[in-house]
Protein chains: 2
Amino acid sequence: MERDRRRVSEAVIRRLPKYYRYLMELKKNGVQRVSSSELGQKMGLTASQIRQDFNCFGGFGQQGYGYNVAELCEEFKKILGLDRQYNMIVVGAGNLGQALANYSGFEKEGFFIKAMFDVNPRLIGMSIRGIEIYDVDNLRSYVASQHIDIGVICTPKEKAQEVAELLVSCGIKYIWNFAPIDVVLPDDVIVENVHLSDSLYILCYRINAKS
Amino acid sequence: MERDRRRVSEAVIRRLPKYYRYLMELKKNGVQRVSSSELGQKMGLTASQIRQDFNCFGGFGQQGYGYNVAELCEEFKKILGLDRQYNMIVVGAGNLGQALANYSGFEKEGFFIKAMFDVNPRLIGMSIRGIEIYDVDNLRSYVASQHIDIGVICTPKEKAQEVAELLVSCGIKYIWNFAPIDVVLPDDVIVENVHLSDSLYILCYRINAKS
DNA sequence: TAGATTGTTAATCGATTAACAATC
DNA sequence: TAGATTGTTAATCGATTAACAATC
């Protein structure tokens with residue numbers, strides 16, 4: 001039960017969503033219990049690693065039995081912070097921003113896009129699934145009047161740093177960045193990047209490294 | 001110059017796109033040379049690590065001088081396999097698939113979406129920036145008649161495994177997967193995943209771990 | 001109780017950092 | 001040549017794996 005008995009390493013953090021996905025799948029399939037070795041087999045990890053990882057957060061298992069799937073799902077939901085709602089705004093209502101707004105899947109998990117912002121007059125005033133696109137000039141006053149947790153950057157890379165700074169100056173401390181650039185921000189701001197092109201480059205590297 | 005003097009670790013591979021991004025930026029800004037310590041400062045890495053990483057692929061530097069930026073860009077382009085063209089098809093012409101088709105940036109880097117496929121009759125027959133959406137039933141004959149390198153999966157997660165197997169059965173060996181699931185395929189198939197929800201979960205973890 | 005499987009400590013492995021001779 | 005910085009070897013650090021006592 002004791003959290004933070006040791007520092008949770010970056011490697012462990014990167015595996016957490018994968019654990020969550022596999023455990024939810026097991027739960028959906030009506031599986032009641034799972035051992036570290038069964039789960040390891042499925043996920044391509046060693047049983048040892050799984051037990052080490054889980055014990056960063058607490059002793060969730062029972063000797064001789066394994067882990068209760070439903071219980072473990074709940075624990076992971078808490079660990080990942082998925083037991084609450086998050087309000088988001090998206091800056092940049094182009095292709096990607098619109099795709100995110102159109103995707104209804106995030107809402108089921110508690111992530112709500114409350115508004116979008118852009119500089120393009122053709123987009124301003126439009127709405128997508130009820131999500132309005134506002135002029136980015138209205139961002140500051142919008143954020144002042146609403147509770148927004150996460151700022152999502154979907155602008156071209158040239159604007160990303162500027163937008164990130166704007167968001168931070170409005171008090172937003174958590175940023176999900178889709179622009180292919182590393183934004184530089186104060187240490188207390190948390191940035192999570194989705195670098196599509198990096199991912200594609202890695203695929204290409206492997207294509208060529210194989211031969 | 002000798003490649004593969006040692007096996008290139010996963011950790012190094014994940015850093016390659018970042019090196020490429022920073023080096024291209026330096027080149028764009030007209031910077032001629034860079035030392036490992038300068039680059040390290042910018043990227044938040046140690047000079048030692050950069051020299052180790054680079055020397056997985058060859059001795060690109062010159063003692064007392066550092067690295068020639070333009071030369072290093074060329075080397076990284078080759079290492080990543082960005083010195084050629086890739087033809088892609090997208091399966092799943094929903095939000096995300098359409099966003100990828102609308103994004104013209106990939107073409108500038110040599111990635112061409114040649115066609116899209118879907119099961120939805122409302123989408124079949126449409127075209128996006130000249131990219132046609134075909135019935136997925138026509139995928140096999142299409143791939144047989146065209147040279148396609150990469151298959152991109154933008155379907156809901158329920159269909160992803162099936163689509164992946166279809167692509168592989170058509171001879172496609174390289175897959176860029178956006179569905180939030182780990183597809184299981186033969187060992188000689190290379191899969192690169194973009195798990196948006198995993199990324200969002202990690203952001204949430206950090207939001208909650210902070211407090 | 002006996003069998004199974006955890007939680008945890010110890011051993012191993014690999015990645016990062018430090019140091020320095022080589023050399024431009 | 002002297003100064004700078006690489007390429008590379010050695011030392012350190014951290015993550016993964018193995019082992020096993022604890023215990024359900």
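Basis for what follows: all heavy atoms, side chains included, without hydrogens, waters or symmetry-related copies. Here is the naming used below: chain letters follow the sequence lines, and residue numbers restart at 1 for every chain.
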Can you tell me how far C1' of dA15(D) sits from CG of N55(A), to the nearest Å?
16 Å

Provide, to the nearest angstrom, the distance between the CD atom belonging to E75(B) and the P atom belonging to dG7(D).
11 Å

Under 4.0 Å between a side-chain N or O of T46(B) and OP1 or OP2 of dT17(C)?
yes

Side-chain atoms of Q52(A) come closest, of dC24(C), dT9(C), dA15(C), to dT9(C)

Specify the separation, in whole Å, of atom CD of Q63(A) and atom P of dT5(C).
12 Å

Tell me: CD1 of I50(B) to P of dA15(C), nearest whole Å?
18 Å

Distance check needed: dT17(D) C1' versus L45(A) CG, whole Å only.
12 Å

Looking only at the side chains, is there a donor atom on one of H195(A) and N177(A) sitting less than 3.5 Å from an acceptor on the other?
no

Could you let me know what dA10(D) is paired to, Watson-Crick or G-U wobble, both distances under 3.5 Å, or none if it's on its own?
dT17(C)

Would you say a side-chain N or O of R51(A) is under 4.0 Å from OP1 or OP2 of dT16(D)?
no

Return the pairing partner of dT5(C) with a 3.5 Å limit on both distances, Watson-Crick or G-U wobble; otherwise return none.
dA22(D)

Ignoring backbone atoms, test whether R33(A) places a side-chain nitrogen or oxygen under 4.0 Å from the OP1 or OP2 oxygen of dT6(C).
no

For F54(B), which contact category applies under a 4.0 Å heavy-atom criterion: base, sugar-phosphate, or nothing?
nothing

Remember a base hit wins even if backbone is also touched, and classify S48(A) as base, sugar-phosphate or nothing at under 4.0 Å, heavy atoms.
base

Would you please say whether a donor-acceptor pair under 3.5 Å links the side chains of D118(A) and Y134(A)?
no

Should Y67(B) be listed as having a side-chain N or O under 4.0 Å from OP1 or OP2 of dC24(C)?
no

Which nucleotide, dT6(D), dA18(C), dA15(C), lies nearest any side-chain atom of S35(B)?
dT6(D)

Are Y65(A) and dG7(C) close enough that a side-chain N or O sits under 4.0 Å from OP1 or OP2?
no

Given I150(A), I89(A), D149(A), the one that forms side chain to side chain contact (heavy atoms under 4.5 Å, CB included) with I172(A):
I89(A)

Do you see a donor-acceptor pair shorter than 3.5 Å between the side chains of R140(B) and S169(B)?
yes

Looking at every strand, decide which applies to S37(A) at a 4.0 Å heavy-atom threshold: base, sugar-phosphate, or nothing.
nothing

When the distance from CZ of F57(A) to P of dG7(C) is rounded to whole Å, what number comes out?
14 Å

Between Q49(A) and dT16(D), is there a contact of a side-chain N or O with OP1 or OP2 at under 4.0 Å?
yes

Taken to the nearest whole Å, CG/N68(B) to P/dT5(D) is 15 Å

Does V152(A) reach the side chain of M116(A), with side-chain heavy atoms less than 4.5 Å apart?
no

Protein-nucleotide distance (Q62(A), atom CD; dC24(D), atom C1'), rounded to Å:
6 Å

Against I175(B), only a single residue in L185(B), N193(B), I190(B) fulfils side chain to side chain contact (heavy atoms under 4.5 Å, CB included); can you say which?
L185(B)

